[in-house]
Amino acid sequence: MKKSITVFILIILSSGCKKENTTKKTLEIETKDNAEKVQFKIDKTFLNGVWAESEDENALFEINNNTLRYVEYYDTSYLCLIEDGCLIITDREGVQLPKSKIMKLSKDSLVIKPLDGNLIRLYNRKF
């Protein structure tokens with residue numbers, strides 16, 4: 001049961017992402033109506049930490065440099081990278097999970113948008 005939950009979370013975290021133009025780590029995120037563009041800089045070091053669904057919840061996973069580890073399966077590690085404004089997670093066998101567009105990344109929060117369009121908000125419990 002726990003493994004299926006972990007796989008589900010991995011799929012949600014890494015669902016679809018469109019390639020975006022980047023210039024000097026500045027991204028232009030387009031809204032559905034393309035009426036407004038939001039620009040922000042991604043500092044990859046902000047990914048480091050222990051991430052949970054709320055500030056009061058237990059941790060789901062930890063990211064340290066380019067390594068992602070789920071709390072329930074801490075012995076299993078995944079490669080975690082940011083490329084073209086997307087969060088990319090790869091397992092030990094080199095299988096890349098679906099990408100998630102990074103909507104916001106700061107030292108204490110991460111907002112990603114999977115393919116289904118629902119935003120996922122995560123909070124860094126250790127920053």
Open item on the list: Which heavy atom of S100 sits nearest to which heavy atom of P114, and what is that distance?
Closed with: OG-CA, 4.2 Å
Open item on the list: Main chain of T45, side chain of D43: is a donor-acceptor contact present, judged purely on distance under 3.5 Å?
Closed with: yes
Task: Any donor-acceptor pair under 3.5 Å from N124 side chain to K107 backbone - done: yes
Open item on the list: One pair to check against side-chain contact (heavy atoms from CB on, under 4.5 Å): I88 and C80. What are the steps and the verdict?
Closed with: CA-CA 6 Å; I88 301 171; C80 180; over 6 Å; no
Show which side-chain atoms of residues 54-64 pair as donor or acceptor with protein atoms under 3.5 Å away, not counting sequence neighbours.
{"unit_1": "S54", "atom_1": "OG", "unit_2": "D56", "atom_2": "N", "d": "3.3"}
{"unit_1": "S54", "atom_1": "OG", "unit_2": "E57", "atom_2": "N", "d": "3.2"}
{"unit_1": "E62", "atom_1": "OE1", "unit_2": "Y74", "atom_2": "OH", "d": "2.3"}

Open item on the list: When you group the ILVMFWY residues by side-chain heavy-atom contacts below 4.5 Å and let the links chain together, are L110 and V50 in the same group?
Closed with: no
TODO: Keeping the roles fixed (side chain from N65, backbone from T67), state whether a donor-acceptor pair exists under 3.5 Å.
DONE: no
TODO: Answer with yes or no whether the hydrophobic clustering places I42 together with I120; edges join I, L, V, M, F, W, Y residues whose side-chain heavy atoms lie under 4.5 Å apart.
DONE: yes
TODO: Please name the residue in the list L81, I82, L105 that meets the side-chain contact (heavy atoms from CB on, under 4.5 Å) test with K44.
DONE: I82
- [ ] Please round to the nearest 0.5 Å and tell me the distance separating atom OH of Y70 and atom CH2 of W51.
- [x] 13.5 Å
- [ ] Just do the side-chain hydrogen bond (donor to acceptor under 3.5 Å, both in side chains) check on S109 and K104 with the steps written out, would you?
- [x] CA-CA 7 Å; S109 65; K104 176 184 177 187; 3.3 Å; yes
- [ ] Taking the side chain as every heavy atom from C-beta outward, state whether I112 and M103 have any pair of such atoms under 4.5 Å apart.
- [x] no
TODO: Could you grab the distance from atom CG of N66 to atom CD1 of I89, nearest 0.5 Å is fine?
DONE: 12.0 Å
Task: Smallest separation among heavy atoms of R92 and T76, with atom names - done: NH2-CA, 3.1 Å
TODO: State which residues pass side chain to side chain donor-acceptor pair (under 3.5 Å) with S77; sequence neighbours excluded, sorted by chain then number.
DONE: none
Task: Any C86 side-chain heavy atom under 4.5 Å of I102 side chain - done: no
